Amino acid sequence: DQQVKQNSPSLSVQEGRISILNCDYTNSMFDYFLWYKKYPAEGPTFLISISSIKDKNEDGRFTVFLNKSAKHLSLHIVPSQPGDSAVYFCAATVYNFNKFYFGSGTKLNVKP
Amino acid sequence: DSGVTQTPKHLITATGQRVTLRCSPRSGDLSVYWYQQSLDQGLQFLIQYYNGEERAKGNILERFSAQQFPDLHSELNLSSLELGDSALYFCASSVDGYGAQPQHFGDGTRLSIL
């Protein structure tokens, strides 16, 4: 049973525009969410996180939005750059529970 | 460079065999996690160790086992291998595994079962 879902396997965006990556979850117990970026032949790299007590967290060009009622989070990248081309995974956990549930990833292609 | 080292990078073996994957965590990290990523799938959490002790368990098969040694490196043992075990296996580490600390991932071991 997949508790974290990324329904868009891929996304293509023009350089300079906004990239919006979406993630849905089913477990209402999740209270902490993370985004990771993965380049080919490398392991995932932590990007940004958000606690369920917030609905927005921003770090430079990256902003994560959390809609608890819809069990939905999104990652906004503005402006998008070619170097952002990678696979993006969202992950969810229950704080202190130590099990992290990952989505299947969205491959972002930023075209110059 | 995440500081997490996984060996080997690639492993090719046959069904029924047994393999050991090795992970050295980032310096100072006490907690190690193992994940399996099958083709076009997300990362599936297998198991977590903290300072030598098992802390959390995911959907790890009984044919799989892991341990964390006193020097904090960890090994994932896969036995009676089946074709479906072909996957990327990632190790990650974090400082102490409390809260929801971001994990630092190694580059993975690609296991191919022929």
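Bear in mind that the values here come from a model prediction, so they are computed numbers and not experimental data. The sequence lines fix the lettering, A, B, ..., with proteins before strands; numbering per chain opens at 1.
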May I ask whether [X] and [Y] are part of the same hydrophobic cluster, defined by side-chain heavy atoms of I, L, V, M, F, W, Y residues being less than 4.5 angstrom apart, directly or through others?
X	Y	result
A:Ile48	A:Ile50	yes
A:Tyr101	B:Tyr35	no
B:Leu61	B:Leu43	no
B:Leu72	B:Val4	no
A:Leu47	A:Leu21	yes

Can you tell me how far CD1 of B:Ile47 sits from NZ of A:Lys99, rounded to the nearest 0.5 angstrom? 10.0 Å

Mind checking the NZ-CG spacing from A:Lys38 to B:Leu88? Nearest 0.5 Å is all I need.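 That separation rounds to 6.5 Å.
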
Contact part of [X] toward chain B, heavy-atom cut-off under 4.5 Å: side chain, backbone, both or neither?
X	value
A:Phe100	both
A:Ser49	neither
A:Tyr95	both

What one should report as the nearest heavy-atom pair of B:Phe90 and A:Gly43 is CE2-CA, 3.7 Å

With a sphere of 6.0 Å drawn around CZ of A:Arg17, does it hold more than 12 non-hydrogen atoms of other residues, nucleotides or ligands? no

More than 12 non-hydrogen atoms from neighbouring residues, nucleotides or ligands closer than 6.0 Å to NZ on A:Lys68, yes or no?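 Atom NZ in A:Lys68 is packed in, count exceeds 12.
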
Under a 4.5 Å heavy-atom cut-off, does chain A meet the side chain of B:Tyr33, its backbone, both or neither? side chain

Could you look at B:Lys57 and say if it's the side chain, the backbone, both or neither that has a heavy atom under 4.5 Å from chain A?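 It is the backbone, since no side chain atom gets that close.
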
Among B:Ser2, B:Ser31, B:Ala56, B:Pro102, the residue with the most heavy-atom pairs under 4.5 Å to chain A is B:Pro102

Is the shortest side-chain heavy-atom distance between A:Tyr36 and B:Gln103 below 4.5 Å? yes

